[in-house]
Amino acid sequence: MLFPKLMQKVILEGDLRLIDARGRTYDCGDGSGERVTLHLHNRSLEYKLVLNPPLYLAEAYMDGEITIEEGSLRIFLEMLARNYHVLEKNRLVMLGFKLARHTRKLKQYNPVGKAQKNVAHHYDLSGELYDLFLDTDRQYSCAYFRNGDETLEQAQTDKKLHLAAKLHLNRPGLKLLDIGSGWGGLGLYMAQEGGCDVTGVTLSREQHKVSSERVKKAGLEKQVEFHLRDYREDTNRYDRIVSVGMFEHVGKQNYHEFFQKVSDMLEDDGVFVLHSVGRINDPGPTNPFIRKYIFPGADVPTLGEVLPVIEDVMLEVTDIEVLRLHYAETLRNWEERFQANRVKIAELYDERFCRLWEAYLLGCEMGFRHQGLVVFQIQITKNPTAVPQTRDYIYEWEHGIKKEATQAAE
């Protein structure tokens, strides 16, 4: 009965009904909102779930040991997220979180070989899977919703445009490095719209294969190249460096190595833009379910953890933007597309995989809506004169490209 009693103390806002493996019923919350009825089918869960709720709740759902008989997983996870601050104060749960913090450095050990293995765990899944829920360019990172009502395709295009503007692509032929180049969409954009000579590096064999094929299809072999290698193995220097959705996999104990390598590769008048998931509250361990099943070795930084390291390697921060609900909207779009193609995805994998990814996509969305997760875009230089004194150049560049696109469409 430990878990039902824990939920009765934690769920202060919402309407949750728990049915344990013996058929006993427990009501939690203040009765507000739509009711969720959760049925536990294994007696051991009543004790196990108390030890590490973020991990074992998701695992139990994934394995079918918990079923939702009323309401939905979205409503349940949002209820948990809204009350998570209460859960964090529970003594037993706090003990589990402290143990996670103590083992965090070991889990973040990230040498070249292990880094590639961690990447392959997630990004070398079937390409068909990603086609079924991402946009047509396979942008697997936070989109940029200017108004909130854009299509996912438009918001992802605007993300690439926003990053290009911050890179200050003020002349053709700039040498640009894309660290964590994914399926190649951002690098190709920088070449086509910014006139850059692009080098991309990825640790995913599947992403490297697809991105290289895209270069040939676009006829950009002389302007764009993607390599299957760790960024730490690159010995060249670049005018511009961009990294999107990769820094979360670096690990806190490796931040100094990362920024020192960027400094070594960046020209004296160069510009680096870092786009990373971050926290706006206290540093803490990554959700154990996400770390175990989705992104092994991942960790989410705060600005307070990143900025001192940047300063320590003698780089200068010239601009910071915090994207708040943009990733929540991105994840909402992904989850809706995932559900629309659930039958096809179950045929690719199985029902357990679908429940795993439901918990992942919805859980992350709630993290950005209610639990202090955001995205940082940090512009970094070696010389503050590398970019103009005001941010006007960002909006002017974006407006110019959008104007050209509109004219071309007409």
Side-chain angles (χ1 to χ4, degrees), residues 108 110-131 133-143 156 159-160 163-164 167 174-192 194 196-218 220-238 240-251 254-255 257-259 261-262 264-266 272-277 294-299 330 334 375 377:
Q108 292 169 7
N110 198 34
V112 173
K114 185 177 181 182
Q116 186 162 19
K117 183 179 179 180
N118 286 342
V119 167
H121 175 86
H122 191 85
Y123 295 99
D124 283 348
L125 293 171
S126 167
E128 187 177 350
L129 166 68
Y130 292 104
D131 284 337
F133 76 92
L134 297 180
D135 67 300
T136 52
D137 195 40
R138 279 201 195 173
Q139 288 294 304
Y140 196 24
S141 58
C142 176
Q156 291 290 13
K159 184 266 299 292
K160 291 178 284 188
L163 289 166
L167 284 164
L174 290 168
K175 290 180 63 179
L176 181 144
L177 174 66
D178 182 1
I179 301 177
S181 50
W183 290 282
L186 181 63
L188 289 168
Y189 182 89
M190 295 299 176
Q192 293 166 327
C196 298
D197 292 330
V198 176
T199 298
V201 292
T202 178
L203 293 177
S204 165
R205 296 184 184 279
E206 179 65 22
Q207 288 184 334
H208 177 251
K209 176 185 175 182
V210 172
S211 58
S212 297
E213 290 172 351
R214 293 182 70 182
V215 171
K216 293 179 181 178
K217 186 175 181 180
L220 293 172
E221 295 95 327
K222 294 182 180 180
Q223 194 178 350
V224 181
E225 57 183 4
F226 294 109
H227 300 281
L228 182 64
R229 69 179 179 219
D230 195 288
Y231 74 97
R232 290 168 284 195
E233 299 171 333
D234 199 305
T235 58
N236 298 308
R237 288 175 67 85
Y238 298 92
R240 301 291 186 266
I241 301 177
V242 65
S243 182
V244 177
M246 175 271 179
F247 188 70
E248 302 91 316
H249 305 280
V250 168
N254 307 304
Y255 288 174
E257 178 186 38
F258 177 85
F259 287 110
K261 183 61 180 177
V262 166
D264 293 342
M265 293 189 293
L266 191 64
F272 169 46
V273 175
L274 177 67
H275 172 116
S276 171
V277 172
I294 306 298
F295 297 118
D299 198 81
T330 305
W334 290 347
V375 169
Q377 285 189 350

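It should be emphasised that the depicted structure is a prediction, and the values quoted were computed from it without experimental measurement.
- Listed here is the closest heavy atom pair of Q139 and D135: N-OD1, 2.8 Å.
- The shortest heavy-atom contact between D299 and G251 is CB-CA, 4.5 Å.
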Could you go through F272 and Y238, starting from their C-alpha distance and side-chain angles, then the distance that decides it, and tell me whether this counts as ring pair (Phe, Tyr, Trp, His ring centres under 6.0 Å)? CA-CA 10 Å; F272 169 46; Y238 298 92; over 10 Å; no

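- The OG atom of S212 lies 11.0 Å from the CD atom of Q207; values are rounded to the nearest 0.5 Å.
- Closest of all the heavy-atom pairs between A298 and H249 is CB-ND1, 4.2 Å.
- Proximity of a side-chain donor or acceptor of K261 to a complementary backbone N or O of D234 within less than 3.5 Å is detected.
- Between F259 and V250, the closest side-chain pair of non-hydrogen atoms is not below 4.5 Å.
- E225 is linked by a side-chain contact (heavy atoms from CB on, under 4.5 Å) to T199, H227, counting only residues two or more places apart in sequence or in another chain.
- Remark: the backbone N or O of F226 is paired with a side-chain donor or acceptor of H208 at under 3.5 angstrom.
- Of the options D178, L176, V262, a side chain to side chain contact (heavy atoms under 4.5 Å, CB included) to I241 is made by V262 and by none of the others.
- Among the candidates K160, K159, Q156, the single residue satisfying the side chain to side chain contact (heavy atoms under 4.5 Å, CB included) test with L186 is K160.
- Contact record, R240 with L167: NE-O, 2.5 Å, taken as the closest heavy-atom pair.
- Counting non-hydrogen atoms of other residues, nucleotides and ligands closer than 6.0 Å to NZ of K209 gives a total of 12 or fewer.
- Relative ring orientation between W334 and Y140 is described as tilted, the plane-to-plane angle lying within the 30° to 60° band.
- Expressed to the nearest 0.5 Å, how far OH of Y231 lies from CD of E257 amounts to 5.0 Å.
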Determine, step by step, whether D137 and Y189 satisfy the side-chain contact (heavy atoms from CB on, under 4.5 Å) criterion, reporting the C-alpha distance in whole Å, the side-chain angles of both residues, the deciding distance to 0.1 Å, and the verdict. CA-CA 10 Å; D137 195 40; Y189 182 89; over 6 Å; no

Evaluate side-chain contact (heavy atoms from CB on, under 4.5 Å) for M190 paired with L163, printing each intermediate quantity in order. CA-CA 9 Å; M190 295 299 176; L163 289 166; 4.2 Å; yes

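- In this structure, E248 contributes its side chain and M246 its backbone to a donor-acceptor pair below 3.5 Å.
- By the 30° and 60° cut-offs, the orientation of the rings of F133 relative to Y130 is tilted.
- Here the CZ atom belonging to F247 is positioned 13.0 Å from the NE2 atom belonging to H275, to the nearest 0.5 angstrom.
- A donor-acceptor pair is defined here as one N or O able to donate and one able to accept, closer than 3.5 Å; such a pair exists between the side chain of T330 and the backbone of A143.
- Not a single donor-acceptor pair under 3.5 Å links the side chain of R138 to the backbone N or O of G182.
- Rounding to the nearest 0.5 angstrom, the gap separating the CG atom in D197 from the CG atom in L177 is 12.5 Å.
- The two residues G200 and S181 come nearest to each other via the heavy atoms C-OG, 3.5 Å.
- The minimum heavy-atom distance between V201 and I179, with the atom names listed, is CG2-CA, 3.9 Å.
- For Q223 (side chain) and L220 (main-chain N/O), no donor-acceptor pair under 3.5 Å exists by modelled atom type.
- A side-chain donor-acceptor contact under 3.5 Å links R237 to the backbone of L266.
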